[in-house]
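Everything numeric in this text was worked out from a predicted model, so none of it was measured.
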Amino acid sequence: MTSYKIEDYQQIEKNKLLKGVFIWVIHTNKIPPHIGISLNGKFYSLKVNGKDNGIDIDIILKVLEKKKIHTLFIELKTLEWFELEGVFDRFKDLSSPEITCLTPILEFFKEDSRIETVSELLVNLDKKNQIKSFFGLNLTTDFVGIPMYSKIDIQNRILKLQDVKRNNNFS
């Protein structure tokens with residue numbers, strides 16, 4: 001079941017990502033997906049094992065392409081975006097139960113902290129007329145949008161990734 005339907009999207013071209021703000025929904029075929037954000041060709045994402053803080057998008061795109069990871073890019077309308085790096089500087093990783101990969105992005109957009117999913121964020125941005133267009137990478141022909149998931153799905157995924165990280169550190 002889909003919680004945020006995508007009517008139309010185009011294939012992404014790297015040059016498109018070099019200017020402006022894009023939300024990256026990575027692993028759109030998984031529950032929950034992962035979310036990151038890029039600003040003028042630099043990628044930011046909060047993860048269990050740290051964060052991507054201003055990583056060149058080429059590095060991220062190579063991994064996505066090599067591993068054929070299903071990714072949706074949401075281009076946002078141009079506003080004043082100055083604080084992205086500062087927002088991510090305030091976070092270390094996903095070690096706290098109330099923090100998810102969405103948390104710094106909500107803070108960046110000054111969105112309601114009660115938003116729990118990418119779909120809820122997109123609905124809010126849509127209501128504010130901030131979404132410009134959608135792009136895809138490695139999406140299948142049956143892709144119709146963001147799958148439905150809950151805060152519990154997010155917490156379970158984070159716990160699973162934390163367990164994997166702990167087990168890898170001890171082996």
Side-chain angles (χ1 to χ4, degrees), residues 1-7 9 12 16-17 19-57 60 64 69-137 145-162 165:
M1 185 182 253
T2 303
S3 64
Y4 188 86
K5 192 168 184 165
I6 307 296
E7 299 288 332
Y9 68 91
I12 193 67
K16 183 75 176 157
L17 292 166
K19 188 153 176 65
V21 176
F22 291 81
I23 293 173
W24 298 38
V25 184
I26 301 170
H27 292 293
T28 60
N29 57 329
K30 295 188 178 179
I31 295 176
H34 179 67
I35 186 171
I37 190 168
S38 67
L39 172 62
N40 297 331
K42 299 295 181 187
F43 181 77
Y44 301 81
S45 171
L46 195 58
K47 307 177 295 188
V48 167
N49 59 346
K51 61 184 170 181
D52 295 319
N53 200 2
I55 304 291
D56 193 301
I57 61 160
I60 308 301
L64 297 175
I69 296 172
H70 300 211
T71 306
L72 177 70
F73 303 87
I74 300 101
E75 181 180 18
L76 302 176
K77 294 184 178 175
T78 305
L79 293 173
E80 298 295 321
W81 310 105
F82 299 110
E83 295 295 319
L84 187 56
E85 193 164 323
V87 168
F88 274 85
D89 282 346
R90 292 194 284 276
F91 295 91
K92 179 182 166 212
D93 57 23
L94 298 179
S95 56
S96 175
E98 68 276 355
I99 296 174
T100 71
C101 57
L102 187 59
T103 305
I105 294 169
L106 291 175
E107 190 172 310
F108 173 67
F109 288 120
K110 296 175 176 46
E111 287 291 339
D112 189 331
S113 61
R114 291 175 292 179
I115 291 174
E116 296 181 336
T117 67
V118 173
S119 295
E120 291 172 359
L121 172 62
L122 295 179
V123 166
N124 250 23
L125 292 173
D126 210 7
K127 284 180 187 173
K128 295 176 181 179
N129 198 28
Q130 290 303 308
I131 296 176
K132 185 173 181 179
S133 51
F134 297 94
F135 298 91
L137 177 68
I146 308 296
M148 189 166 287
Y149 63 93
S150 68
K151 178 81 172 197
I152 292 169
D153 293 320
I154 298 167
Q155 291 168 333
N156 287 340
R157 179 73 177 152
I158 291 170
L159 288 172
K160 182 178 177 183
L161 292 170
Q162 287 171 337
K165 179 183 171 189

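Proximity of a side-chain donor or acceptor of Thr71 to a complementary backbone N or O of Ile69 within less than 3.5 Å is detected. Not a single donor-acceptor pair under 3.5 Å links the side chain of Asn40 to the backbone N or O of Lys19. The backbone N or O of Asp153 sits nowhere less than 3.5 Å from a side-chain atom of Asn156 that would complete a donor-acceptor pair.
Taking NZ of Lys132 as the start and NZ of Lys77 as the end, the distance is 9.0 Å to the nearest 0.5 Å. Rounding to the nearest 0.5 Å places CG of Asp56 at 12.0 Å from CZ of Phe43. Here the CD1 atom belonging to Ile115 is positioned 4.0 Å from the CG atom belonging to Asn124, to the nearest 0.5 angstrom. In this structure, CZ in Phe109 is found 4.0 Å from CD1 in Ile37, a value given to the nearest 0.5 Å. Leu76 contributes atom CG, which lies 9.0 Å from atom OG of Ser38 (distance to the nearest 0.5 angstrom). Atom OH of Tyr4 sits about 9.5 Å away from atom CG of Leu121, to the nearest 0.5 Å.
The heavy-atom pair separating Phe88 from Lys51 by the smallest distance is O-NZ, 2.7 Å. Taking all atoms of both residues into account, the shortest heavy-atom contact from Ile26 to Leu64 is CG2-CD2, 3.9 Å. Across all their heavy atoms, Ile158 and Ile99 have their closest contact at CD1-O, 3.9 Å. The minimum heavy-atom distance linking Cys101 with Ile35 is given by the pair SG-CG2, 3.4 Å. Of all the heavy atoms in Leu46 and His34, the pair that sits closest is O-CE1, 3.2 Å. In terms of heavy-atom proximity, Val25 sits nearest to Val118 at CG2-CG1, 3.8 Å.
When the shell of 6.0 Å around NZ of Lys92 is examined, it contains 12 or fewer heavy atoms from other residues, nucleotides or ligands. Residue Lys128 qualifies as enclosed at atom NZ: its count of foreign heavy atoms under 6.0 Å is above 12.
Counting heavy atoms from C-beta on, the side chains of Tyr44 and Asp52 never come closer than 4.5 Å.
The ring-ring contact (aromatic ring centres under 6.0 Å, His included) check on Tyr149 picks up nothing, with sequence neighbours excluded. A search for ring-ring contact (aromatic ring centres under 6.0 Å, His included) contacts involving Phe135 returns nothing, not counting sequence neighbours.
Remark: of the listed residues Leu137, Leu39, Ile60, Ile12, Ile12 is the sole one forming a side-chain contact (heavy atoms from CB on, under 4.5 Å) with Leu17.
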Let me see the working for Thr100 and Lys151 under side-chain contact (heavy atoms from CB on, under 4.5 Å), right down to the final yes or no.
CA-CA 9 Å; Thr100 71; Lys151 178 81 172 197; 4.1 Å; yes
Verdict with reasoning, Phe73 to Lys16, per side-chain contact (heavy atoms from CB on, under 4.5 Å):
CA-CA 10 Å; Phe73 303 87; Lys16 183 75 176 157; over 6 Å; no
For Ile57 and Phe22, what are the C-alpha separation, side-chain angles and deciding distance, and is it a side-chain contact (heavy atoms from CB on, under 4.5 Å)?
CA-CA 11 Å; Ile57 61 160; Phe22 291 81; over 6 Å; no
Pair Leu125-Ile74, side-chain contact (heavy atoms from CB on, under 4.5 Å): steps then yes or no
CA-CA 10 Å; Leu125 292 173; Ile74 300 101; over 6 Å; no
